[in-house]
Amino acid sequence: EVIPATGHTESGMVEVTAATCEKDGLKQNTCTECGTVLGSETIPATGHTESGMIEVTPAGCESNGLKQNTCTECGTVLGTETIPATGHNYGGFVTTVEPGCEEDGVETSTCANCGDTIERSIPATGHNYGDWIVEEEPTEDSEGLKYKECANCGNRITEDIPPIEQHVHDYAETDRVESTCTAAGY
């Protein structure tokens with residue numbers, strides 16, 4: 001006797017491969033008894049879901065930053081944008097080494113964004129000498145000594161004072177009176 005075929009038992013459309021942002025997926029209707037594919041249907045690719053431009057790397061004083069538009073589903077980078085370097089933001093200069101009479105000083109300015117510093121020189125002030133002070137008066141026989149002292153650092157410069165001119169006796173003969181036995185002369 002012939003036993004008639006039972007016919008396929010359909011599964012209905014079942015997703016076999018999920019659709020992605022860029023690739024189509026697949027649905028199939030198969031026989032639950034023998035596995036024969038009875039029909040198929042394409043699931044269209046979903047397309048990317050954009051995040052919009054989001055800062056990924058901030059710009060630095062000397063380096064560019066980066067913005068990216070990324071798919072929120074698969075992570076694919078859909079676009080990038082460069083954020084230009086900001087440049088340094090140096091404040092005012094602050095004296096870090098005071099200038100001396102003979103040594104230059106230093107001023108420093110610091111970037112508020114990254115802490116980088118730049119320096120510039122402050123010229124030496126030069127000595128601030130007062131008036132001459134006589135330390136040793138000259139005589140006819142020896143030199144004297146005078147000095148000036150810097151009010152800022154105490155440095156001294158000295159200079160000899162030439163001896164004073166020898167005085168010359170100028171004896172003039174005056175009327176002479178001869179001495180006698182009873183009176184003195186002059």
Side-chain angles (χ1 to χ4, degrees), residues 21 48-186:
C21 298
H48 292 292
T49 304
E50 295 188 23
S51 65
M53 285 293 180
I54 296 173
E55 185 178 284
V56 177
T57 306
C61 294
E62 297 179 355
S63 60
N64 292 333
L66 180 67
K67 286 183 180 180
Q68 287 182 339
N69 181 10
T70 307
C71 176
T72 59
E73 300 299 319
C74 69
T76 299
V77 176
L78 304 173
T80 61
E81 199 176 283
T82 298
I83 304 169
T86 61
H88 290 290
N89 181 16
Y90 292 110
F93 280 87
V94 175
T95 301
T96 50
V97 176
E98 291 289 339
C101 294
E102 297 178 359
E103 305 82 28
D104 289 344
V106 178
E107 288 181 318
T108 304
S109 179
T110 303
C111 175
N113 299 330
C114 71
D116 185 56
T117 59
I118 55 173
E119 294 180 343
R120 68 182 181 192
S121 180
I122 305 170
T125 60
H127 291 291
N128 181 16
Y129 292 113
D131 294 330
W132 286 106
I133 297 170
V134 175
E135 187 170 310
E136 195 176 312
E137 292 286 347
T139 66
E140 289 181 358
D141 298 324
S142 65
E143 294 180 330
L145 184 66
K146 63 181 178 179
Y147 68 90
K148 286 184 179 184
E149 189 168 277
C150 176
N152 299 329
C153 72
N155 185 55
R156 276 186 169 196
I157 55 172
T158 61
E159 196 172 287
D160 291 330
I161 305 171
I164 57 176
E165 283 189 36
Q166 295 261 340
H167 71 277
V168 177
H169 294 281
D170 186 15
Y171 297 107
E173 180 120 1
T174 58
D175 290 335
R176 226 168 140 159
V177 175
E178 295 288 328
S179 60
T180 64
C181 293
T182 57
Y186 58 88

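Predicted model, so just to flag it, every value in this text is computed and none were measured.
Two residues are said to be in side-chain contact when any heavy atoms from C-beta on lie closer than 4.5 Å; V94 and S109 fail this criterion. Two residues are said to be in side-chain contact when any heavy atoms from C-beta on lie closer than 4.5 Å; T70 and I54 fail this criterion. Residues M53 and N69 meet the side-chain proximity criterion, which asks for heavy atoms closer than 4.5 Å. By the 4.5 Å heavy-atom criterion applied to side chains, I83 and P58 are not counted as neighbours.
Taken from NZ in K146 to CH2 in W132, the straight-line distance is 5.5 Å, to the nearest 0.5 Å. In this structure, CG on N128 lies 10.5 Å from NZ on K148, to the nearest 0.5 angstrom. Atom CD1 of I161 is separated from atom CD of E137 by 6.5 Å, given to the nearest 0.5 angstrom. Expressed to the nearest 0.5 Å, how far SG of C71 lies from CD of Q68 amounts to 12.5 Å.
By the neighbour-count criterion of 12 heavy atoms within 6.0 Å, atom CD of Q166 is densely surrounded, having more than that number from other residues, nucleotides or ligands. Atom NZ of K67 sits in a sparse spot, with 12 or fewer heavy atoms from other residues, nucleotides or ligands closer than 6.0 Å.
Of all heavy-atom pairs between G126 and N152, the closest is O-ND2, 4.1 Å. Closest approach of G154 and E149 over heavy atoms only: O-CG, 3.7 Å. The heavy-atom pair separating C61 from N113 by the smallest distance is SG-CB, 3.5 Å. The nearest pair of heavy atoms linking T125 to C101 is OG1-CA, 3.5 Å. Between P138 and P162, the shortest heavy-atom contact is CB-O, 3.4 Å. The minimum heavy-atom distance linking N155 with Y129 is given by the pair ND2-OH, 2.6 Å.
A donor-acceptor pair under 3.5 Å is absent between the side-chain atoms of D160 and the main chain of L145, judged by distance alone. Counting only distance, with no hydrogens or angles, the side chain of E140 and the backbone of H167 share a donor-acceptor pair below 3.5 Å. In this structure, T95 contributes its side chain and E98 its backbone to no donor-acceptor pair below 3.5 Å.
Applying the salt bridge (charged side-chain N to carboxylate O under 4.0 Å, His left out) definition to pairs two or more places apart or across chains, those involving residues 99-118 are E107-R120.
Results of the side chain to side chain contact (heavy atoms under 4.5 Å, CB included) test with F93 over I122, V106, I118 single out I118 as the only residue that passes.
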